[in-house]
Amino acid sequence: MRHYRIVGRIALLTLVLFFLFFRLGAPAILEWDESRNGINAVEMLEHGHWRGLWFANAPDNWNNKPPLFIWALAGSFHLLGYNNFALRFPSALATLGSLLFVLLLCLRYYGERFAWLVCLVLLSVEGIAGNHTGRTGDFDAQLIFFLLANSYFFLQYFSKGKERDLTLSTLFLAGAFMTKGPAMAVLLPGQVLFLFIAKNWNRLNGRLLIRQLFLFLLIPAIWLLFINEDQAPLRLFQTDVLNRFTDAGFETPESPSRFSFLFIVLDAYFNVWNYILFLLLGLALLIPKRLDFRWNWKENPLLVYSFACWLSLGAGLSLAATTHRWYFSPAIPFVAISLVFLIHKLARRSWVWGLFGVLLLFTLGRRAWEIAHPPLRVPGIAEKAGAILEDAAEVYYVGPYHSQQVLLYIYFSHPGTLFFPSLQDLPLLKKGDMVVALRDDQSAARIYGGDWKIHYEDAHYWVLEQGETKKPD
């Protein structure tokens with residue numbers, strides 16, 4: 001029996017490593033957050049802007065989040081070089097840690113088979129090891145790690161009563177704040193709801209809460225003491241909280257959020273399992289006696305906590321003016337725990353478990369195929385002019401940016417790229433210097449009528465060198 005258990009653990013670890021790291025650097029860099037985070041990290045390494053975030057050689061007034069994740073990206077670039085894999089490695093590593101805490105949570109309450117099934121379900125969906133989470137260079141994977149660690153020690157405290165567990169929970173919550181600011185609070189309503197349902201308030205007192213609050217505030221306070229004047233902390237809360245919940249025109253929501261968000265996000269991020277979850281949940285609520293099913297809330301604190309977290313977050317995001325699917329990703333592990341619990345309690349026939357196994361193999365196989373055949377779509381300027389920019393003595397970018405994705409590919413080719421508003425503002429160019437210019441009518445007249453050699457051009461960009469005007473073949 002022990003031999004089979006060891007083989008099973010090795011097989012599970014192999015699957016986890018495959019789903020997190022196989023072809024991690026193959027997909028093209030995504031526009032917006034992933035690209036901007038990479039640019040912030042390159043700026044941090046190349047120009048030493050460790051206290052705040054910079055973009056295109058200037059303070060970043062759009063990305064207002066604390067710098068912990070960007071520090072992790074900068075460290076990854078320093079160790080692994082400037083490439084797609086290094087951009088995503090911190091997220092994959094954080095997801096590995098998240099799955100470890102999922103295992104610890106499930107082992108603590110329900111045993112090893114339960115823990116394995118929850119992890120396999122999570123690997124079979126996009127909510128944890130997918131776009132915007134474990135396989136992209138974005139904040140959410142690291143946020144999920146800190147919140148799962150926070151949840152583990154939070155539940156440990158209310159089962160064992162040791163203050164060190166609550167202290168660790170608080171420290172991980174502070175880490176979540178340093179990763180994504182106010183988003184660290186997405187599970188707090190669920191935790192409060194859990195305390196009400198489980199009647200665990202008696203373990204808390206005023207002095208304990210004051211100590212924990214002081215500890216939590218200490219880490220952000222240290223960060224704020226070193227923040228530069230170009231990043232206003234108040235903008236962090238106005239952008240990520242006030243505008244998001246009140247301004248319907250804020251950003252562009254991926255899908256309507258009002259009242260339907262929970263169903264939309266589960267369909268997207270939990271996919272086939274979404275329908276199984278609602279079917280079993282409906283049966284457990286409508287005909288529990290006929291199925292001989294009992295919730296036994298007092299004996300299942302993890303189940304209470306799971307339902308409290310994902311239902312409260314889903315309800316809260318459904319009230320937001322704008323939202324995106326990945327905002328719900330910290331709750332996906334608790335959705336999986338709820339699903340596997342219901343399967344364990346309601347699947348009493350062998351054919352049901354057989355069906356579950358077939359469905360699990362299908363969903364895991366589909367995700368494996370998606371990971372093995374990612375969309376590539378590298379911009380033409382990166383594919384055809386990347387080597388030219390890499391060999392350049394200096395690279396100057398002229399004009400406003402058209403695409404953050406393209407900017408990051410330019411940074412990867414030449415991390416020390418400098419930015420200028422127009423061709424007239426360029427310094428005296430030397431032999432081997434290259435200019436990436438955004439196309440417009442004014443610059444077109446100067447380039448085609450001037451002394452420029454055109455190495456590359458497309459609908460948006462030129463790659464230029466001073467010399468005889470010549471279009472590329």
Side-chain angles (χ1 to χ4, degrees), residues 25 28-29 34-50 53-60 70 73-87 137 378-440 442-473:
I29 297 169
E34 184 175 45
S35 298
R36 198 171 195 102
N37 292 340
I39 292 169
N40 291 152
V42 175
E43 289 269 359
M44 194 173 273
L45 276 178
E46 294 298 318
H47 304 294
H49 302 306
W50 294 96
L53 305 184
W54 281 53
F55 178 87
N57 302 162
D60 192 340
I70 307 302
L73 275 185
S76 182
F77 284 151
H78 179 72
L79 292 173
L80 303 174
Y82 294 120
N83 53 70
N84 293 19
F85 182 88
L87 176 65
V378 177
I381 187 173
E383 188 176 10
K384 298 178 181 178
I388 298 172
L389 297 175
E390 188 174 346
D391 293 336
E394 294 288 349
V395 173
Y396 301 99
Y397 184 97
V398 172
Y401 71 88
H402 171 75
S403 163
Q404 295 171 110
Q405 178 197 44
V406 168
L407 283 191
L408 183 54
Y409 276 114
I410 293 172
Y411 269 107
F412 280 180
S413 296
H414 200 96
T417 297
L418 298 174
F419 290 77
F420 293 88
S422 67
L423 291 170
Q424 301 95 297
D425 297 306
L426 285 172
L428 182 64
L429 299 181
K430 305 181 295 295
K431 184 178 180 180
D433 291 348
M434 291 290 170
V435 176
V436 178
L438 188 69
R439 294 184 73 121
D440 58 40
Q442 184 178 2
S443 61
R446 293 181 60 85
I447 288 167
Y448 287 128
D451 187 24
W452 293 100
K453 181 179 180 181
I454 304 174
H455 287 277
Y456 171 82
E457 65 177 311
D458 59 26
H460 303 292
Y461 297 98
W462 284 291
V463 175
L464 309 167
E465 183 181 10
Q466 275 200 329
E468 182 183 355
T469 302
K470 180 181 177 182
K471 292 188 179 182
D473 297 332

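If you're wondering where the values come from, they're calculated on a predicted model, not measured in any experiment.
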Nearest heavy atoms of Ala86 and Leu80, plus distance in Å:
CB-CB, 3.7 Å

Hey, does Trp462 have a side-chain heavy atom less than 4.5 Å from the side chain of Val435?
no

What distance do Tyr82 atom OH and Leu87 atom CG have between them, rounded to the nearest 0.5 Å?
12.0 Å

Does the side chain of Glu465 come within less than 4.5 Å of Asp433's, by heavy atoms?
no

Taking C-beta and beyond as the side chain, do Leu438 and Val398 meet within less than 4.5 Å on heavy atoms?
no

Residues which pass side chain to side chain contact (heavy atoms under 4.5 Å, CB included) with Pro427, listed by chain and number, not counting sequence neighbours
Tyr396, Phe420

Any Leu464 side-chain heavy atom under 4.5 Å of Met434 side chain:
no

For residues Trp50 and Ile70, determine if any side-chain heavy atom of one lies less than 4.5 Å from a side-chain heavy atom of the other.
no

I'd like to check the side chain to side chain contact (heavy atoms under 4.5 Å, CB included) partners of Asn57; sequence neighbours left out, ordered by chain and number.
Glu43, His47, Tyr411, Leu418, Phe419

Specify whether His460 and His402 have parallel, tilted or perpendicular ring planes, treating 30° as the upper limit for parallel and 60° as the lower limit for perpendicular.
parallel

Between Arg439 and Tyr461, is NZ or CZ placed under 6.0 angstrom from the six-membered ring centre and within 45° of the ring axis?
no

Please name all residues satisfying side chain to side chain contact (heavy atoms under 4.5 Å, CB included) with Ala385, sequence neighbours left out, ordered by chain then number.
Ile381, Tyr456, Val463

Using side-chain heavy atoms (C-beta onward) and a distance below 4.5 Å, is Met44 in contact with Trp54?
no

Salt bridge Arg36-Asp60, side-chain N to carboxylate O under 4.0 Å
yes

Any chance the side chains of Tyr409 and Gln404 put a donor and an acceptor closer than 3.5 Å?
no

Is there a side-chain contact between Gln466 and Lys453 (heavy atoms, below 4.5 Å)?
no

